[in-house]
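First up is the structure itself, then whatever we jot down about it.
Counting from 1, the numbers follow the sequence of the chain as shown.
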Amino acid sequence: MSLVGKKFPNVTVDAMSEMGDDLRINIFEEATTNQQKVILFWYPKDFTFVCPTELHAFQEALGEFEKRNTKVIGASCDTNEVHFAWLNVSKDNGGIEGVTYPLLADTHRQLANLLGIVDQDFEYNEEGEEVFTGSNVTYRATYLIDETGKIFHESVNDMPLGRNVKEYLRLIDAYTHVQKHGEVCPANWEEGKEAMKADRTSTAEYLAKN
């Protein structure tokens with residue numbers, strides 16, 4: 001079930017800073033108290049394969065997110081200790097040394113289960129006993145949250161599929177344009193391009209020119 005248009009769950013979760021500090025982070029409060037947008041991206045596991053490429057990609061774009069008053073937060077179901085160990089492994093050895101944004105450690109899967117993004121299922125064996133199936137880690141889910149705590153974008157990738165960080169910057173630009181100007185953004189809209197009013201006349205004029 002989609003959570004777009006709904007408030008992000010008001011839940012506080014353990015987290016780790018790049019300096020090894022144990023944190024407690026509430027995504028809803030990060031957005032509403034600090035009046036900023038938040039991008040929360042979940043990845044399956046530390047010390048894996050696609051995951052470090054994504055964490056470094058978000059780090060490389062960190063300045064662009066900050067320009068847009070957007071806080072970047074990563075998340076998995078690993079522990080703070082495992083996060084910190086990975087933060088101390090160099091990039092050329094498959095680690096995430098140099099990542100400076102916080103990482104949620106949702107070890108009890110409280111938030112991940114509320115969002116419905118954990119790869120888990122249950123079957124019954126011949127004796128009628130419940131048997132757990134699945135990896136019990138999260139998919140590559142991404143949430144964009146606005147200054148009111150509302151989710152304005154969500155997406156979920158299967159585990160082998162890495163994300164395109166530039167698309168989230170585009171979505172933030174588009175949503176900010178809507179907030180500021182009250183216009184709607186057509187397909188493939190980018191900052192600086194023409195938007196539209198939400199009426200038939202404006203749509204017809206836009207299509208006639210494009």
Side-chain angles (χ1 to χ4, degrees), residues 1-11 25-43 50-51 53-75 100-102 104 111-118 138-210:
M1 181 178 67
S2 175
L3 298 176
V4 170
K6 299 179 174 63
K7 298 292 186 181
F8 194 86
N10 191 350
V11 174
I25 292 179
N26 183 308
I27 301 297
F28 180 82
E29 291 179 356
E30 286 287 332
T32 57
T33 302
N34 299 321
Q35 283 298 285
Q36 62 184 351
K37 294 179 176 68
V38 176
I39 178 166
L40 173 66
F41 73 97
W42 294 81
Y43 61 92
V50 176
C51 298
T53 69
E54 292 192 311
L55 271 76
H56 286 296
F58 277 104
Q59 179 66 35
E60 289 168 8
L62 193 60
E64 292 300 316
F65 285 106
E66 290 173 347
K67 287 179 188 176
R68 293 160 171 82
N69 191 34
T70 301
K71 186 175 182 67
V72 176
I73 300 176
T100 61
Y101 49 83
L104 296 190
L111 180 55
N113 278 319
L114 283 172
L115 297 171
I117 57 173
V118 181
T138 66
Y139 294 104
R140 298 187 191 280
T142 313
Y143 297 88
L144 296 178
I145 300 108
D146 73 11
E147 298 85 348
T148 71
K150 186 183 79 172
I151 299 169
F152 66 91
H153 169 84
E154 66 176 340
S155 59
V156 182
N157 290 8
D158 201 357
M159 294 173 195
L161 306 177
R163 282 163 278 216
N164 183 338
V165 174
K166 291 180 180 179
E167 173 62 4
Y168 301 112
L169 293 169
R170 188 192 74 83
L171 288 166
I172 291 167
D173 286 342
Y175 190 76
T176 301
H177 184 92
V178 172
Q179 288 176 308
K180 288 183 177 180
H181 302 286
E183 296 180 319
V184 295
C185 296
N188 300 321
W189 184 91
E190 294 177 342
E191 183 65 45
K193 289 187 175 181
E194 180 184 3
M196 307 184 304
K197 295 179 181 178
D199 59 51
R200 292 173 63 86
T201 300
S202 182
T203 300
E205 291 174 351
Y206 178 87
L207 290 174
K209 290 184 290 184
N210 295 278

4.5 Å side-chain heavy-atom contact, Lys197 and Thr203: no
Verdict with reasoning, Ile151 to Leu144, per side chain to side chain contact (heavy atoms under 4.5 Å, CB included): CA-CA 6 Å; Ile151 299 169; Leu144 296 178; over 6 Å; no
Test log, rule side chain to side chain contact (heavy atoms under 4.5 Å, CB included), inputs Glu54 and Val165: CA-CA 8 Å; Glu54 292 192 311; Val165 174; over 6 Å; no
Reported CD1-to-CD1 distance for the pair Ile145 and Ile39, which is rounded to 0.5 angstrom: 8.5 Å
Heavy-atom pair of closest approach, residues Gly162 and Val50: CA-CG1, 3.8 Å
Polar side chain donor-acceptor pair, Gln59 to Thr100, under 3.5 angstrom: yes
Backbone N/O of Arg68 and side chain of Thr70: donor-acceptor pair under 3.5 Å: yes
Nearest-0.5 Å distance that lies between atom CG in Leu40 and atom CD in Glu30: 10.5 Å
Side-chain touch Phe65/Leu169, heavy atoms, less than 4.5 angstrom: yes
Shortest non-hydrogen contact from Asp158 toward Tyr139: OD1-CE2, 3.7 Å
Centroid-centroid distance, Phe28 to Phe8, less than 6.0 Å: no
For Asn26, the option from Thr32, Asn10, Thr33, Val11 that meets side chain to side chain contact (heavy atoms under 4.5 Å, CB included): Asn10
Atom pair CZ/SG of Arg170 and Cys185 - distance to nearest 0.5 Å: 8.0 Å
Criterion side-chain hydrogen bond (donor to acceptor under 3.5 Å, both in side chains) on Thr142 and Arg163, from CA distance to verdict: CA-CA 9 Å; Thr142 313; Arg163 282 163 278 216; 2.9 Å; yes
Pairwise side-chain contact, Asn210 with Glu194, heavy-atom cut-off 4.5 Å (strictly under): yes
side-chain hydrogen bond (donor to acceptor under 3.5 Å, both in side chains) assessment of Ser2 paired with Glu154: CA-CA 8 Å; Ser2 175; Glu154 66 176 340; 2.6 Å; yes
Tyr101 vs Phe41, ring-ring contact (aromatic ring centres under 6.0 Å, His included): CA-CA, chis, key distance, verdict: CA-CA 11 Å; Tyr101 49 83; Phe41 73 97; 5.8 Å; yes
Side-chain heavy atoms of Pro102 within contact of Lys71, under 4.5 Å: yes
Atom pair CD (Glu66) and CD (Gln36), whose distance is rounded to the nearest 0.5 Å: 10.0 Å
Test item: side-chain donor near acceptor, Asp146 and Tyr175, under 3.5 Å: yes
More than 12 heavy atoms from other groups under 6.0 Å of NZ on Lys166: no
Closest heavy-atom pair and its distance - Asn188, Lys193: O-NZ, 3.8 Å
Within-4.5 Å side-chain heavy-atom neighbours: Leu115 and Trp42: yes
Near-ring test Tyr43/Phe58, centroid separation under 6.0 angstrom: no
Minimal non-hydrogen separation, Ala195 against Pro186, with atom names: CA-CD, 4.0 Å
Polar side-chain atom of Asp173 near backbone of Tyr168 as donor-acceptor pair, under 3.5 Å: no
Glu183 to Val178 - nearest heavy-atom pair and separation: O-CG2, 3.2 Å
OH on Tyr143 to CD1 on Ile73, rounded to 0.5 Å: 14.0 Å
Straight-line distance of Lys37 NZ to Thr176 OG1, nearest 0.5 Å: 3.5 Å
